[in-house]
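Quick notes on the structure that follows.
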Amino acid sequence: MSDLTILEQAALAVWVLDSSVTQPDLEDIYRAAGTRDFEAAKRALLQKIEENGLSYVYEKIELPLRPVLRNMEKKGMLVDAEALAELSRDYHKKLDAIAKKIYDHAGSEFNINSPKQLGDILFDTLGLSAARQKKTPGGARSTRESELEKMRDLHPIIEEVLAYRELQKLLSTYIDVIPGLLDAEGRLHTTFLQAGTTTGRLASQEPNLQNIPNKGDLGRAIRDAFVAPPGSKLVAFDYSQIELRLAAILSGDEELRAVFREGGDAHAAVAAKMFGVAPKDVTHDQRRRAKAVNFGILYGMGVNALKESLGSTRAEAQEFYNQYFAAFPRLAEYLEETKADATRTGYTTTLFGRRRYFEGIRSPIPYVRAAAERMAVNAPLQGTQADIVKLAMIEIDALLEREHLRGHAAMLLQIHDELLFEIRDDAIQMLAPQIKEIMERIVPEEKCANVPITVNGKSGQHWGEMKELE
DNA sequence: AGGGTACCCGTA
DNA sequence: AACATACGGGTGCCCT
């Protein structure tokens, strides 16, 4: 740990103690320690960490992780700048053509990027309106994608606006920005914020490499500009449904554990239990609904939100909700206990002891309290996932060091449940199984409740087109 | 000109 | 009146 400055160590300590203080500065350190003497502050912080059961998270996760992240930032990811330049020309041409069509429909030129001006054109000039048109928090008529979708059939301008937004976003966020961030070798070096989130996850900035587009042909073309140099491949490993597995582990729900013990398609298996049918008889629609509920559970969703994501009626959503928790009764109890614990103590903990405090958990204002409860339900799941991936990163980095593999392989990115490496062709066969093995067994068996943790590997020359390993 | 915020949207 | 969790970041627009 010798290459962490004492300031970095103290900042991490403050954040581990209270993750609502993201990116702590010197003032935050003094405030948290209750003294303006740095040495005394460090001692005070360490003692608090000990007292709050946070020593494992601080000493075995956050402190060792810092140098690992530095290695990743230093290595950087190779980008094919010429590919981006070609995308830029292509997309700008398309964007101009779409803008012309929009001006034609509108009868005048205006700033399509301005929600205010766009709203005036759509709602006033063209007189469009949809049922249940939503307002923005500021009271303006919303032009967000989900609202425009409702108006798709009313006027051809809507489709053009949606297409314009997609292209504009990709150009201004990625395609026209990334070339200016490359070093002389064409590599892109992000900065990982280790104390940047309240849940324990990492964040990435300048640029944010954790939100590079991943679906849709236009977005995928951007990923294809991220490459491995000749003689190497990009190799990615992602945890399979890690948060739902953690819900099974943390709750101990017998039925949900069985879903994962039996392997196979988890969403389909959940659908089978939920709808009381044999796994082979699960329809496409039943699986889709089960998947929506699975995701919703992890975020503390209520019936209303479920209705939105299912596109169903309230009564139907309520029925699915009831069926789900009838099928997984212990999971339902666990979620209630989590809220109750958070209300009693003011915080939640992850499987490894990481804490998150909730400001509004005892608020008399119902929706403030409800929001805090949703966060409280999500925090142990998202936070434990963060713990697990970080532990795996530390052990994988140690492997690369111990086996003198730094010249053959480098960890490049962490995208929450996924690790991306650049590995020389002659080392992939040997190394990929070892990385996968570390990731899968990083959670001690006694903590797993017999729920298997599984990892999928992919490799390829381009980030956008990788094929399953094995 | 620069700061703060609203709105929008990409990822897990 | 509320919004399913966690982020970073672009542009517009208002302010100083």
Rounded to the nearest angstrom, tell me the gap between atom [atom1] in [X] and atom [atom2] in [N].
X: A:L202; N: C:dG8; atom1: CG; atom2: P; value: 11 Å
X: A:N378; N: C:dC7; atom1: CG; atom2: P; value: 10 Å
X: A:L171; N: C:dT11; atom1: CG; atom2: P; value: 10 Å
X: A:N111; N: C:dG10; atom1: CG; atom2: P; value: 17 Å
X: A:E206; N: C:dG10; atom1: CD; atom2: P; value: 9 Å
X: A:R314; N: C:dA2; atom1: CZ; atom2: P; value: 14 Å
X: A:F295; N: C:dC3; atom1: CZ; atom2: P; value: 21 Å
X: A:F192; N: C:dA6; atom1: CZ; atom2: P; value: 21 Å

| request: Using a strict 4.0 Å threshold on nitrogen-to-oxygen distance, state whether A:R187 and A:E422 make a salt bridge. | output: yes
| Of all the choices, C:dT11, C:dA2, C:dA4, which nucleotide is nearest to the side chain of A:A305 once you look at every atom? |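 Given the options C:dT11, C:dA2, C:dA4, the side chain of A:A305 is closest to C:dA4.
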| What residue among A:M151, A:E149, A:K150 forms side chain to side chain contact (heavy atoms under 4.5 Å, CB included) with A:E147? |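 Of the listed options, the one satisfying the test is A:K150.
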| Knowing that exactly one of A:M274, A:K307, A:Q286 qualifies, which makes a side chain to side chain contact (heavy atoms under 4.5 Å, CB included) with A:F320? | A:M274
| If you draw a 6.0 Å radius around CD in A:E206, do more than 12 non-hydrogen atoms from other residues or ligands fall strictly inside? | no
Touch check for [X], heavy atoms < 4.0 angstrom, all strands: base, sugar-phosphate only, or nothing?
X: A:N304; value: nothing
X: A:A292; value: base
X: A:G300; value: nothing
X: A:E243; value: nothing

| query | If you measure from the P atom in B:dG10 to the same atom in C:dC3, how many Å do you get, rounded? | reply |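 Looking at atom P only, B:dG10 and C:dC3 are 23 Å apart.
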| query | Looking at DNA chain C, which of residues 343-365 of chain A put a heavy atom within less than 4.0 Å of it? | reply |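 Those residues are A:R356.
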| request: Report the C-alpha separation of A:E166 and A:K94 in whole Å, then their side-chain angles, then the decisive distance to 0.1 Å, and conclude whether the salt bridge (Lys or Arg N to Asp or Glu O under 4.0 Å) test is met. | output: CA-CA 11 Å; A:E166 184 179 11; A:K94 290 184 168 133; over 6 Å; no
| message | I want to check one thing: is the phosphate of C:dC14, taken as OP1 and OP2, less than 4.0 Å away from some side-chain N or O of A:K116? | response | yes
| If the sugar-phosphate is the primed atoms plus P, OP1 and OP2 and the base is the rest, what is the B/S/- string for nucleotides 4-12 of chain B, using protein heavy atoms under 4.0 Å? | ---SSBBSB
| task | Report yes or no: is the cationic atom of A:K447 (NZ for Lys, CZ for Arg) under 6.0 Å from the centre of the six-membered ring of A:F352, at an angle within 45° of the ring normal? | result | yes
| Over-ring placement of A:R355 relative to A:Y347, 6.0 Å and 45° cut-offs | yes
| query | How far apart are the C-alpha atoms of A:E73 and A:R66, what are their side-chain angles, what is the distance that settles it, and do they pass the salt bridge (Lys or Arg N to Asp or Glu O under 4.0 Å) test? | reply | CA-CA 11 Å; A:E73 292 172 352; A:R66 185 60 262 182; 3.5 Å; yes
| Would the A:Y334 and A:F328 ring centres measure less than 6.0 Å apart? |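 No; A:F328 has its ring centre 6.0 Å or more from that of A:Y334.
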| request: Give the intermediate values and the outcome of salt bridge (Lys or Arg N to Asp or Glu O under 4.0 Å) for residues A:E145 and A:R165. | output: CA-CA 9 Å; A:E145 187 172 342; A:R165 283 240 177 103; over 6 Å; no
| remark: Contacts of A:V177 and A:T22 projected onto DNA chain C by closest heavy atom; the upstream (5') one is A:T22
| Starting at the 5' end of DNA chain C and moving along, which residue's nearest nucleotide shows up first, A:M375 or A:K134? |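 The residue whose closest nucleotide sits nearer the 5' end is A:K134.
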